[in-house]
Engineer: 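Structure provided below as structure tokens; questions to follow.
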2 protein chains.
Amino acid sequence: MVRSDARENRARILEAARQAFAESGDTSMNQIAQRAGVGPGTLYRNFPTREALVLAIYQHEVDQLIGSVPELLATLPPLKALQRWTTDLVSAMRKKHGLGDALSSGAHQAITEQTYGPVIAAITQLLDAGKRDGTIRTDADPGDFLQLTGALWRAASGAKDRSQPMLGLILDGLKAHPQR
Amino acid sequence: MVRSDARENRARILEAARQAFAESGDTSMNQIAQRAGVGPGTLYRNFPTREALVLAIYQHEVDQLIGSVPELLATLPPLKALQRWTTDLVSAMRKKHGLGDALSSGAHQAITEQTYGPVIAAITQLLDAGKRDGTIRTDADPGDFLQLTGALWRAASGAKDRSQPMLGLILDGLKAHPQR
DNA sequence: TACGGTAGTGGAGACCTCTCCGGATAGCAA
DNA sequence: TTGCTATCCGGAGAGGTCTCCACTACCGTA
């Protein structure tokens, strides 16, 4: 039984957080709680970590990204699709404050399963397509790939965006080796 | 002109930090300052971030790692040498509390140039050897590689150590493409 | 040896994350 | 309505990071 006031509070927190993060990425949890007219305790009961909150806020964007996989696979060869998708992912991480940290640290957190699971599933789809047509090595692991994506995002956040050459390197590593 | 008391304070901080980190990785800066008989202000003037402190503590280990490059290159083909060296690096990151965070975040910090620079130089040596004998693609970038190493280390810290397969993937990506 | 300029000190304090728990209250039963 | 209680609230507070600046003490000079 979820009490109605609890539901409203959760909604208010999400709304406040959405606004706050839109303005700046380094808003403190306290500020968000205050903005939502709620104590820090309530905030943390709903979202035990900053990551959980960020993921909840950007659930929609992440869903969209995940939903784009079938279309990409329908119009592009698997490797190209993976490249495009990953570029989009990194780009989303850059634009949405905190999303990068959340997704790349999320690998260790069971809390984020709701978001993290689907992302892994999306990557799995992309990789599997490539494995099926023989362009991607069969031992490629979705979790590994996501982890490497974290490095990409960090690279994209630096002074010079090195994410494209790095992605190129990773994709080359993913390619199946034609025996010569 | 460095005052003598300042030099001693710095030494005391390093010694206290060395002990503290040997005991546990999540020692607070305050605790270290206290242990060194010094105010937090003094600690932070000497080492502006936790990373800077960690790097200073493990300077010796890092130096050793860097020094091992010539011997590796003398006894192994470049790709193998790079593989061994990177494995050692990740292993050192795992053993020494906080070193991983320091090195992989260090990519963005000018502060860490003293340690970060030589590490890049070491990677450059390894990559260049491979470029010279044609086993490593000529556009491989040392900074990119270090960044990817960060992902390796994070992967190695997880429940299951996935760093070896991931390293394999990266090395494959680094290989020069023989034109067919 | 006494002294002044200045490099260096260190702790108070602003602000943060996260926890704990006494008190408030929504929702149900009577 | 009223009373009960599981559920939820929210703020005090422990402990952390990092800054600022009034003060201290080192060291070259006379």
Side-chain angles (χ1 to χ4, degrees), chain A residues 1-21 23-57 97-102 104-106 108-112, chain B residues 1-21 23-57 97-102 104-106 108-112:
Chain A
M1 172 93 272
V2 179
R3 258 165 55 173
S4 63
D5 55 341
R7 206 170 343 106
E8 275 168 31
N9 267 334
R10 191 188 164 90
R12 272 221 308 290
I13 290 173
L14 272 177
E15 186 47 36
R18 220 184 304 273
Q19 286 178 20
F21 274 100
E23 289 167 16
S24 159
D26 60 349
T27 315
S28 78
M29 296 289 112
N30 271 352
Q31 283 174 309
I32 292 172
Q34 206 167 0
R35 195 164 180 157
V38 142
T42 302
L43 207 188
Y44 278 96
R45 200 163 344 90
N46 279 279
F47 306 97
T49 64
R50 168 181 287 261
E51 275 83 48
L53 177 57
V54 170
L55 286 179
I57 295 177
H97 297 290
L99 183 56
D101 275 331
S104 63
S105 84
H108 304 296
Q109 309 257 352
I111 295 158
T112 58
Chain B
M1 174 93 268
V2 180
R3 254 166 55 176
S4 62
D5 57 339
R7 208 170 339 107
E8 275 168 31
N9 266 336
R10 192 189 164 90
R12 274 220 308 289
I13 290 173
L14 272 176
E15 186 48 35
R18 220 185 303 273
Q19 287 178 20
F21 273 100
E23 288 165 16
S24 157
D26 62 348
T27 315
S28 77
M29 295 290 111
N30 271 351
Q31 285 174 308
I32 291 172
Q34 206 165 2
R35 195 165 180 156
V38 141
T42 301
L43 208 188
Y44 278 97
R45 199 164 345 92
N46 279 280
F47 306 99
T49 64
R50 170 180 287 263
E51 277 83 45
L53 177 57
V54 169
L55 286 179
I57 295 176
H97 296 292
L99 183 57
D101 273 331
S104 63
S105 83
H108 303 296
Q109 309 258 352
I111 295 157
T112 57

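Proteins come first, then strands; the chains are lettered A, B, ... in the order of their sequence lines, and each starts at number 1.
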Engineer: Using whole Å, report how far CD of Gln31(B) lies from P of dG15(D).
Structural biologist: 10 Å

Engineer: Provide, to the nearest angstrom, the distance between the CD1 atom belonging to Ile13(B) and the P atom belonging to dG8(C).
Structural biologist: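 Taking atom P of dG8(C) as the reference, CD1 of Ile13(B) is at 13 Å.
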
Engineer: When the nearest nucleotide of DNA chain C is assigned to Ala6(B) and to Asn30(B) on a heavy-atom basis, which residue is associated with the more 5' position?
Structural biologist: Ala6(B)

Engineer: Identify, between Arg45(A) and Met29(A), the residue whose nearest nucleotide on DNA chain C lies closer to the 5' end.
Structural biologist: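 Per heavy-atom nearest nucleotide, the more 5' residue is Met29(A).
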
Engineer: Please determine if a side-chain N or O atom of Asn9(A) lies less than 4.0 Å away from the OP1 or OP2 oxygen of dC9(D).
Structural biologist: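 Asn9(A) to dC9(D) OP1/OP2: side-chain N or O found under 4.0 Å.
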
Engineer: Gln34(A) has an atom CD; how far is it from atom C1' of dC15(C), in whole Å?
Structural biologist: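 The answer, rounded to whole Å, is 12 Å.
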
Engineer: Tell me whether the OP1 or OP2 atom of dG27(C) has a side-chain N or O from Ser4(A) closer than 4.0 Å.
Structural biologist: yes

Engineer: Remember a base hit wins even if backbone is also touched, and classify Arg50(B) as base, sugar-phosphate or nothing at under 4.0 Å, heavy atoms.
Structural biologist: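 Arg50(B): backbone/sugar contact only, no base atoms under 4.0 Å.
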
Engineer: Just checking Thr42(B): base, sugar-phosphate only, or nothing, at a heavy-atom cut-off of under 4.0 Å?
Structural biologist: base

Engineer: Quick one: Arg7(A) CZ to dT25(C) P, roughly how many Å, whole number?
Structural biologist: 18 Å

Engineer: Start at the 5' end of DNA chain D and walk down; is the nucleotide closest to Gly41(B) or to Arg3(B) reached first?
Structural biologist: Gly41(B)

Engineer: Work out which heavy atom in Thr27(B) is nearest to a heavy atom in Phe21(B); give both atom names and the distance.
Structural biologist: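 Residues Thr27(B) and Phe21(B), closest heavy atoms: OG1-N, 4.5 Å.
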
Engineer: Distance check needed: dG8(C) P versus Tyr44(B) OH, whole Å only.
Structural biologist: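 Computing the Tyr44(B):OH to dG8(C):P distance gives 20 Å.
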
Engineer: When you measure from the side chain of Pro40(B), which nucleotide among dT9(C), dC18(C), dC18(D) comes out closest?
Structural biologist: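 It is dC18(D).
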
Engineer: Let me know the distance between CG of Asp5(A) and P of dC28(C), rounded to the nearest Å.
Structural biologist: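 Those two atoms, CG and P, are 13 Å apart.
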
Engineer: Taking Arg12(A) first and then Glu15(A), would you say they form a salt bridge - that is, a charged N and a carboxylate O separated by under 4.0 Å?
Structural biologist: no

Engineer: Atom CG of Leu43(A) to atom P of dC20(C): distance rounded to whole Å?
Structural biologist: 17 Å

Engineer: How long is the span from the CE atom in Met29(B) to the CG atom in Leu53(B), to the nearest 0.5 Å?
Structural biologist: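 Answer rounded to 0.5 Å: 5.0 Å.
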
Engineer: Could you grab the distance from atom CG of Leu43(A) to atom CZ of Arg10(A), nearest 0.5 Å is fine?
Structural biologist: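 With rounding to 0.5 Å, CG (Leu43(A)) is 10.5 Å from CZ (Arg10(A)).
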
Engineer: Over how many whole Å does the gap from Arg12(B) atom CZ to dT9(C) atom P extend?
Structural biologist: 9 Å

Engineer: On a heavy-atom basis, which atom in Ala36(B) and which in Ile13(B) lie closest, and how many Å separate them?
Structural biologist: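 What the structure gives for the nearest pair is CB-CA, 3.8 Å.
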
